[in-house]
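One structure is given here, and the rest of the page talks about it.
All values below were derived from every heavy atom in this structure, side-chain atoms included, with hydrogens, water molecules and symmetry-related copies excluded.
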Amino acid sequence: MRLSAPIAALLAALSLWPALPARAAPVAYALQAESSTVGFETDFGPDHITGTMPIKSARLLIDFDKLSNCTIDVALDVAHATASFPFAAQAMKGPKVLDAAAFPEMTFRSGTIARAGDGATVDGMLTLRGVTRPVRLAASIYRQQGSATGDLSHLTVLLTGRVNRSDYGATGWADMVGDEVRLTITARIARAD
Amino acid sequence: MLRNTTDRFGLITRALHWGIAGLIVVQLPLGLRLSDMQPGLANLWLYSAHKTLGLSIFALVALRIVWHIISPPPAPMGGGWQARMAKAVHWAIYGMMVAIPLSGWVASSATGIDILLFDRIPVPAIAPVSAQWEATAFAIHDIATKLLMALLAIHIGAAFKREIDGDGTLTRMLRGHR
């Protein structure tokens, strides 16, 4: 899933990383699951397969003063993933790729988070099909549209990254479907207090 | 005349023969194309068409076998080794016409992806979702298809030869009698 140019521009205009006010401690945020998406895209011959995966649970602690104190802990619902056409969804959830019957959940747990330009890099561990491997995501955080300057109660976190599915043993349909899976995660979060 | 006699092919047998032959003429090159094609959204429908054609052939072959039990076809013309060979080739072709769609059905079932007849009607899976079943069934599908192509070459070549020789073998399958 890709963001349209106007939305991306709006989000960029609202970017918070360079201008975060100092706060004393990490702040807990709750995911607004209904308005958050985990989108993916991979190659299918000359075309692309796109889809989304519901977020099962998310635990987010954001320290606006010290990024290294931030933690992101997310579980995705593999069994209810959707793709741009039905056969792709079946193939993806089948035993040769994500094996949703045996591994209905995919998890990401952040490790090191560091500032990178206007955004941040999030190094963490992605567990898929029972295989855990390091992955790096690029992160940006924004005030949600309509919120006042300085209001950090509702935020949007945009995470992008790439993984090679073969690293996790998800090798099915390799002659038809690309190995690289591009991720675009739009997490809308609200302060928990 | 619908039924077969001892020296004539009835209309039902001839319709099934040429109907199945026509579908196989489309299905074989389609299957060969699929085996080395880079799939994309634009050509995904060809897989569905292949499965629909294959299951249609399977149904027609089953119908033909049942019909030939009810109304046995005439024996190959002539005699001697050529007639015995013709009979053996006919049996082998029937075997392949059952084995190929059946192995394709098993292999498709084993992938875990739905099989849709005419892109609409779900066809039940007849094998567990399994890489082992899938690989074995596709291997049988591939070998049996190559065998069928060889058998059809013999069958068609022999039919033309006998027609050229003047015994009316091909004419009998076209008109029902010599």
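- Across every non-hydrogen atom of A:P46 and B:G40, the tightest pair is CD-CA, 4.1 Å.
- For B:Q38, the CD atom sits in a packed shell: over 12 heavy atoms of surrounding residues, nucleotides or ligands are nearer than 6.0 Å.
- Side-chain contact between A:F87 and B:L116 is present, with heavy atoms from C-beta onward closer than 4.5 Å.
- Residue B:L34 is grouped with residue B:L28 when hydrophobic side chains (ILVMFWY) are merged at heavy-atom distances under 4.5 angstrom, including chains of intermediate members.
- Placement of B:F138 and B:M37 in two distinct hydrophobic clusters is found when ILVMFWY residues are connected by side-chain heavy-atom separations under 4.5 Å, directly or transitively.
- Taking all atoms of both residues into account, the shortest heavy-atom contact from B:V129 to A:P95 is CG1-CG, 3.2 Å.
- Annotation: the span from B:I113 atom CD1 to A:K96 atom NZ amounts to 7.0 Å, rounded to 0.5 Å.
- Both the backbone and the side chain of B:T111 come within contact range of chain A, with heavy atoms under 4.5 Å apart.
- Across every non-hydrogen atom of B:L41 and A:F44, the tightest pair is N-CE2, 3.7 Å.
- For B:W45, the CH2 atom is loosely surrounded, since the number of other residues' heavy atoms within 6.0 Å does not exceed 12.
- B:M77 is not connected to B:V89 by any chain of hydrophobic side-chain contacts under 4.5 Å among Ile, Leu, Val, Met, Phe, Trp and Tyr, and they are in different clusters.
- Under a hydrophobic-cluster definition in which Ile, Leu, Val, Met, Phe, Trp and Tyr are linked whenever side-chain heavy atoms come within less than 4.5 Å, directly or via other members, B:Y94 and B:M149 are assigned to the same cluster.
- Of the two parts of A:D175, only the backbone, made up of N, CA, C and O, holds a non-hydrogen atom closer than 4.5 Å to a non-hydrogen atom of chain B.
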